Undergrad: 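Could you have a look at this structure, given as structure tokens, before my questions?
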Number of protein chains: 2
Amino acid sequence: MAANLGPKAAHFAMTIEPSFEDWLSIGRSSLFSKLDRQLVLSLLDDDSIATVAKGEKICRQNEPARHCHVVLAGLVKLVRQSPGGQEAVISIHGPSQTFMEADALSNGVYSTTEEAIIDSRILRIDAVTLREKIGANPPFALAMLASASVHLKVLLEHVEKLKSMTGPARLADFLLDLAAQRSGSAAFQLPYEKQLIASHLGMTPESFSRALGQLRGLGVRADRNKIEIEDIQRLRQFRDAR
Amino acid sequence: MAANLGPKAAHFAMTIEPSFEDWLSIGRSSLFSKLDRQLVLSLLDDDSIATVAKGEKICRQNEPARHCHVVLAGLVKLVRQSPGGQEAVISIHGPSQTFMEADALSNGVYSTTEEAIIDSRILRIDAVTLREKIGANPPFALAMLASASVHLKVLLEHVEKLKSMTGPARLADFLLDLAAQRSGSAAFQLPYEKQLIASHLGMTPESFSRALGQLRGLGVRADRNKIEIEDIQRLRQFRDAR
DNA sequence: TCATCACCTTAACAAAAATCAACCGCCACG
DNA sequence: CGTGGCGGTTGATTTTTGTTAAGGTGATGA
């Protein structure tokens with residue numbers, strides 16, 4: 001509800017009901033898209049929707065996992081820190097993507113820290129409620145499993161790429177993903193800061209910069225956060241060669 | 001392995017019934033340990049148990065995922081190959097570990113190739129049956145989710161380590177895992193070939209060898225595939241420093 | 001308007017890792 | 001017995017990447 005661009009802080013005082021856009025996001029998520037609206041509603045409670053400012057954390061690694069989350073709007077990064085204090089960006093989630101289901105379900109602690117990288121709206125689903133509903137609703141359980149399956153596959157690919165591709169090749173791969181075409185040329189914007197992409201691809205900002213410079217020789221023009229790829233196929237060839 | 005188990009082939013002419021050891025393996029697996037024996041039995045059919053020789057493949061990347069697998073005995077490596085033909089060992093599974101649930105459940109294709117690295121016994125569970133039983137048995141669904149959650153967490157850690165640790169540090173980490181102690185000294189055998197460990201850790205055999213050489217300076221002695229760690233804490237300190 | 005700051009880039013250097021090549025020891029096999 | 005192959009090691013070299021340091025550019029705010 002609420003006008004689709006209406007002042008959000010207005011009716012924040014009490015229960016926050018999902019807005020029209022929120023419902024769109026929920027509907028687009030692979031986890032909830034095929035589920036009954038009533039069921040989804042039953043998962044929500046008073047403080048289900050949180051507005052999170054850029055830089056704010058949604059949850060912290062090693063704290064008890066009491067919720068799973070769905071991005072309704074915005075962008076969230078999933079960061080993991082090692083005992084030695086190093087940080088690694090594991091993945092980045094946009095609207096309609098769920099995360100932390102696994103942690104919430106296994107009744108353990110969050111295995112990553114989540115942080116909004118732009119102002120975001122997050123749906124928080126209580127872990128206990130979630131477990132209940134899953135137990136009572138087999139199709140929901142299957143949807144959860146499918147969702148976990150997707151996450152697993154993404155991570156799998158990520159590992160593969162980290163192990164077998166050089167930095168520039170990983171960047172090429174990332175750009176090809178964004179272009180979402182199989183041939184011809186493409187132009188688009190980088191979805192977030194280069195530092196963040198660099199970290200996501202497992203390299204330093206400096207290496208990222210150099211990698212981008214290297215791709216220039218393959219028909220990739222970069223101005224600010226605008227990217228132009230002359231020849232998608234050529235870029236793919238480069239990627240596959242490493 | 002065939003000695004101390006009861007008469008098995010007696011009443012089921014064609015069916016291969018799990019041996020006593022097989023039941024032990026099944027019982028130890030996080031996926032099946034808490035489930036009713038009847039349910040587990042209902043998942044099996046005539047060709048559920050396969051004996052796989054070293055080097056044989058259990059399934060191939062991109063082929064339709066019609067089964068999920070449980071290692072009953074032996075060792076299996078999970079390999080992923082990129083479009084460019086590179087190979088990366090994603091993980092290695094021993095007895096009681098399940099894999100490919102995700103692919104089997106999402107009705108898609110295998111996202112990795114599986115290969116036995118020593119002679120092994122594998123339990124193959126039909127994907128359709130699996131989905132049926134999950135739909136009909138909520139606790140089973142939750143067990144599957146928990147299992148997926150564990151796999152997810154392992155991969156997450158793997159990504160983090162690949163991104164934030166040097167080769168020698170990853171090796172130290174691997175050895176500390178094997179030692180399974182928090183202090184003192186330890187001696188044990190490497191569970192499989194060094195090449196394989198190297199690939200699993202995301203480095204070449206040469207780098208592995210050199211990394212091992214580097215750890216020698218930290219009280220790690222290696223002879224053939226026997227490892228001795230003088231001081232676990234010292235090694236951990238080294239690992240955490242990178 | 002200027003100062004400041006965050007993001008990004010570049011360069012020079014150092015560290016880490018891959019590559020190329022040679023070699024050892026062991027074992028299976030003719 | 002040799003001999004070949006495989007797993008492993010080692011050395012020399014190159015490539016890749018991180019590090020350190022410096023500078024540039026655009027947005028923001030006093």
Side-chain angles (χ1 to χ4, degrees), chain A residues 53-55 75 77 82 84-89 115 117-118 161-175 189-217 220-227 238-239 241-242, chain B residues 53-55 75 77 82 84-89 117-118 161-174 189-217 220-227 238-239 241-242:
Chain A
K54 173 178 176 173
L75 282 172
K77 69 175 174 182
S82 56
Q86 311 260 38
E87 287 203 347
V89 173
E115 187 182 317
I117 57 181
I118 59 177
K161 284 166 186 168
L162 284 171
K163 282 185 180 173
S164 64
M165 297 167 87
T166 66
R170 292 200 300 276
L171 174 55
D173 184 69
F174 180 81
L175 295 179
Q189 302 237 120
L190 294 177
Y192 28 77
E193 284 158 5
K194 291 181 180 175
Q195 302 176 76
L196 193 55
I197 302 175
S199 179
H200 180 48
L201 297 179
M203 51 181 140
T204 60
E206 292 92 336
S207 289
F208 179 93
S209 215
R210 277 188 282 259
L212 206 50
Q214 214 172 311
L215 296 189
R216 209 159 288 143
V220 176
R221 302 269 134 205
D223 174 49
R224 308 285 284 149
N225 64 354
K226 269 194 156 45
I227 301 285
F238 167 79
R239 176 197 62 182
R242 332 317 271 321
Chain B
K54 172 178 176 174
L75 281 171
K77 70 175 173 182
S82 57
Q86 312 259 39
E87 287 202 347
V89 173
I117 58 181
I118 59 175
K161 285 167 186 168
L162 284 171
K163 282 185 179 171
S164 64
M165 296 167 88
T166 66
R170 290 200 300 278
L171 173 54
D173 183 68
F174 180 80
Q189 303 235 121
L190 294 177
Y192 27 79
E193 284 159 4
K194 291 180 180 176
Q195 301 178 74
L196 193 55
I197 302 175
S199 178
H200 180 49
L201 296 179
M203 52 180 137
T204 61
E206 293 94 328
S207 290
F208 178 92
S209 209
R210 278 186 266 264
L212 205 48
Q214 214 173 311
L215 296 190
R216 208 157 290 142
V220 176
R221 301 269 136 203
D223 174 49
R224 312 284 281 149
N225 64 354
K226 272 196 154 45
I227 300 286
F238 168 79
R239 176 197 62 182
R242 327 317 268 330

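Being a predicted model, the structure only gives us computed values, none of them experimental. To find a chain, count down the sequence lines: A is the first, B the second, and so on, and within it residues start at 1.
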Undergrad: Checking contacts here: which listed nucleotide (dT9(D), dG7(D), dT16(D)) is nearest the side-chain heavy atoms of Gln195(B)?
TA: dG7(D)
Undergrad: Would you kindly compare Ala222(B) and Pro168(A) by the position of their nearest DNA chain D nucleotide and give the one closer to the 5′ end?
TA: Ala222(B)
Undergrad: If you assign Arg224(A) and Gly202(A) each to the DNA chain D nucleotide with the nearest heavy atom, which residue ends up on the more 5' nucleotide?
TA: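 Looking at the nearest nucleotide for each, Gly202(A) comes out on the 5' side.
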Undergrad: For the pair made of NZ in Lys54(B) and C1' in dC6(D), what is the distance, rounded to whole Å?
TA: 10 Å
Undergrad: Taking the side chain of Glu206(A) as heavy atoms from C-beta outward, which of dT10(C), dT10(D), dT17(D) is closest to it?
TA: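 Of the options given, the side chain of Glu206(A) lies nearest dT10(C).
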Undergrad: Please report the distance, rounded to the nearest Å, between CE in Met203(B) and P in dT9(D).
TA: 12 Å
Undergrad: Quick check against the 3.5 Å criterion: does Lys163(A) have a side-chain atom that pairs as donor or acceptor with the backbone of His200(B)?
TA: yes
Undergrad: Nearest-nucleotide wise, let me know which of Ser209(A) and Lys163(A) is further upstream toward the 5' end of DNA chain C.
TA: Ser209(A)
Undergrad: Can you tell me how far the CG atom of Leu201(A) sits from the NZ atom of Lys161(A), to the nearest 0.5 Å?
TA: 9.5 Å
Undergrad: Would a 4.5 Å heavy-atom cut-off, applied to side chains only, mark Lys77(B) and Leu196(B) as touching?
TA: yes
Undergrad: What integer distance in Å separates Phe208(A):CZ from dG18(D):C1'?
TA: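 The answer, rounded to whole Å, is 16 Å.
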Undergrad: Looking only at side-chain N and O atoms, does Ser207(B) come under 4.0 Å of OP1 or OP2 in dA17(C)?
TA: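 No, outside the criterion.
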Undergrad: Calculate the interatomic distance between Leu212(A) atom CG and dT17(D) atom C1'; express it in whole Å.
TA: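 So the two atoms are 16 Å apart, to the nearest Å.
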Undergrad: Asp223(A) CG to dT9(C) P: how many Å, rounded?
TA: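 In whole Å, dT9(C) P lies 10 Å from Asp223(A) CG.
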Undergrad: Spell out yes or no: do the side chain of Arg210(B) and the base of dG11(D) have one donor N/O and one acceptor N/O closer than 3.5 Å?
TA: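 Present.
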Undergrad: Find the distance Ile117(A):CD1 to dC7(C):P and express it as a whole number of Å.
TA: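 For the pair Ile117(A) CD1 and dC7(C) P, the rounded distance is 12 Å.
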Undergrad: Side-chain N or O of Thr204(B) less than 4.0 angstrom from OP1 or OP2 on dA17(C)?
TA: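 Thr204(B) to dA17(C) OP1/OP2: no side-chain N or O under 4.0 Å.
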Undergrad: Taking the side chain from Lys194(B) and the backbone from Arg224(B), do they hold a donor-acceptor pair closer than 3.5 Å?
TA: yes
Undergrad: Side-chain contact test, heavy atoms from C-beta onward, threshold under 4.5 Å: evaluate it for Leu171(B) versus Arg239(B) and give yes or no.
TA: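 Sidechains of Arg239(B) and Leu171(B): no contact.
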Undergrad: Between atom CD in Glu193(B) and atom C1' in dG5(D), what is the gap in whole Å?
TA: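 Going from CD in Glu193(B) over to C1' in dG5(D) covers 13 Å.
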Undergrad: Rounded to whole Å, how long is the line connecting atom NZ of Lys226(A) with atom P of dC7(C)?
TA: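 For the pair Lys226(A) NZ and dC7(C) P, the rounded distance is 20 Å.
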